[in-house]
Amino acid sequence: MLIPFNKPYLTGNELKYIQEAVSLGKISGNGEFTRRCQEFFEQRYGFHKCLLTTSCTDALEMAAILLNIQPGDEVILPSYTFVSSANAFVLRGAKIIFIDSKPDHPNLDERQLEDLITPQTKAIVVVHYGGLACEMDTIMEIAQRHGISVVEDAAQAIDSAYKGKALGGIGHLGCFSFHETKNIQCGEGGMLVINDPDLVKRAEIIWEKGTDRAAFFRGEIDKYGWVDTGSSFLPSEVTAAFLWAQLENLEVIQQRRKQTWEDYFAWFQEKTPPSLLSVDYLDQFNKAAEGLPFAVVSEENKVNAHLFYLLFENLDYRTRFSQRLKENGILAVFHYQSLHQSSFAKSHFPEQSQRSLPNADRFTDCLIRLPLFYELPELSQSHFFR
Ligand SMILES: *Cc1c(COP(=O)(O)O)cnc(C)c1O
């Protein structure tokens, strides 16, 4: 493949900081680099409290424990998402209620939310697809009125904003991913953001295997012990040191990704894509692009250039397009398969799998993501980028 779909970017300082972490002599979790990374987010985005985790999946699992999700509770989340958004709550025995995407974007359709709420509903998981914000004002208002918690799956949403507020900092809890496919990465990594101050103390305990060790290390108590359920959710300092090298370069990385995103967008909006990307059945994108929500890029409603997708009229056109790119050495990939149609949903939530969620199914069949990574402009010069 001449142009992969993704190529993890290295800033050059990763090994230097890892070496530093090793020579500090404490490479288990919650050390100097963990503190630096967490403070970076708290200061830059105004997040109340951040805890690094080994993945976004782990952050979501922490969220489910922290919200006391029990068997019989219902959790509403989009069908068009990654399995972890659902699994974290399934592990605690929750029943998943799927919500459809918007007609013009994979984000959940907040207009359908209220009808899905029952007395059993404990949480709503919003997924900011491609770093574009869900309608948080509406969602938070509905959740508040019904006394339901909101978890933001902000795995793809680092450095995005909704009405001037950083994504991940609006719901009761926010979950980020630093998997190598995300804008900022450390191989495997994640973070839980605790926006509800009442949840901070217990979050730290769950993070530290059900003990009050974090408070002990701060000198608040003179011995630590088993006080709650928990698990081992913290990454080692080796991971945090790698992540720190990335965070130091966040501006540079974001700048580059945004330029690439804007180049793509301009081509398709002005109907002037390079010949390789130009096919007559692409018209649908331009139809979908009218009022396309993720064209709204401003400081207030910032989109982080996590991914760039095209939407085809049907599966056949999408297959032809990806085939055409593949023959030219370029890897473009589709994304999620509707969870309500999965074999797991069919066996565990059969009534959910029978519901009609046409928008989620349409994105399953018709959406394709183009390569988007730091080094793409250099790599693809002879193909389609300058
Ligand atoms: C990447 C991703 C995850 C999982 O992140 P990990 O860090 O790999 O666990 C969860 N949800 C969404 C929406 C994602 O894009």
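One-based numbering along the sequence shown. In listed order, ligands and their atoms are each counted from 1.
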Heavy atom under 4.0 Å from ligand 1: found in Tyr336's side chain, backbone, both, or neither?
-> side chain
Within the structure, does His179 bring an N/O atom to less than 3.5 angstrom of an N/O atom in ligand 1?
-> no
Check whether any N or O atom of Cys56, backbone or side chain, sits under 3.5 Å from an N or O atom of ligand 1, and answer yes or no.
-> yes
Flag if over 12 foreign heavy atoms under 6.0 Å of CD, Gln255 | no
Heavy atom under 4.0 Å from ligand 1: found in Ala155's side chain, backbone, both, or neither?
-> side chain
Closest non-hydrogen atom pair between Asp153 and Leu60, with its separation = OD2-CD1, 3.9 Å
Exercise: do His335 and Arg369 side chains pair donor with acceptor under 3.5 Å = yes
Number the atoms of ligand 1 from 1 as they appear, then name those within less than 4.0 Å of a heavy atom of Ser55, with their elements.
-> 7 (O), 9 (O)
Of the protein's non-hydrogen atoms, which lies at the shortest distance from atom 15 (O) of ligand 1, and what is that distance?
-> Gln156 NE2, 2.9 Å
Of the backbone atoms (N, CA, C, O) and the side-chain heavy atoms from C-beta on, which set of Asp153 has a member under 4.0 Å from an atom of ligand 1: side chain, backbone, both, or neither?
-> side chain
Which atoms from ligand 1 have a heavy atom of Val127 less than 4.0 Å away?
-> 13 (C)
Check each atom of ligand 1 against the heavy atoms of Gly189 and keep those under 4.0 Å away; list them by number with element.
-> 7 (O)
Report yes if some N/O of Ser177 lies less than 3.5 Å from some N/O of ligand 1; otherwise report no.
-> yes
Polar side chain donor-acceptor pair, Asn6 to Thr181, under 3.5 angstrom | no
May I ask whether Ala59 has any heavy atom positioned less than 4.0 angstrom from an atom of ligand 1?
-> no
Per salt bridge (Lys or Arg N to Asp or Glu O under 4.0 Å), Arg256 is matched among Glu375, Glu378, Glu251 by Glu378
Flag yes if Phe82 and Phe349 sit in one hydrophobic cluster, no otherwise; membership is Ile, Leu, Val, Met, Phe, Trp, Tyr, and two members link when side-chain heavy atoms are under 4.5 Å apart.
-> yes
Under 4.5 Å between side-chain heavy atoms, hopping through other hydrophobics if needed: is there a path connecting Phe176 to Val151?
-> no
Decide whether an N or O pair under 3.5 Å exists between Thr57 and ligand 1.
-> yes
For the ring pair Phe33 and Tyr17, is the centre-to-centre distance below 6.0 Å?
-> yes
Considering only the protein, which heavy-atom contact is closest to atom 1 (C) of ligand 1, and what is its distance?
-> Lys182 NZ, 1.7 Å
How close do Gly12 and Glu14 get, heavy atom to heavy atom, and via which atoms?
-> N-OE1, 2.9 Å
Tyr80 and Gln337: side chain to side chain donor-acceptor pair (under 3.5 Å), yes or no, with the steps?
-> CA-CA 7 Å; Tyr80 194 77; Gln337 305 292 297; over 6 Å; no
Could you tell me whether ligand 1 has any atom less than 4.0 Å away from a heavy atom of His128?
-> no
One finds that the ligand 1 atoms under 4.0 Å from a non-hydrogen atom of Phe82 are 3 (C), 4 (C), 10 (C), 11 (N), 12 (C)
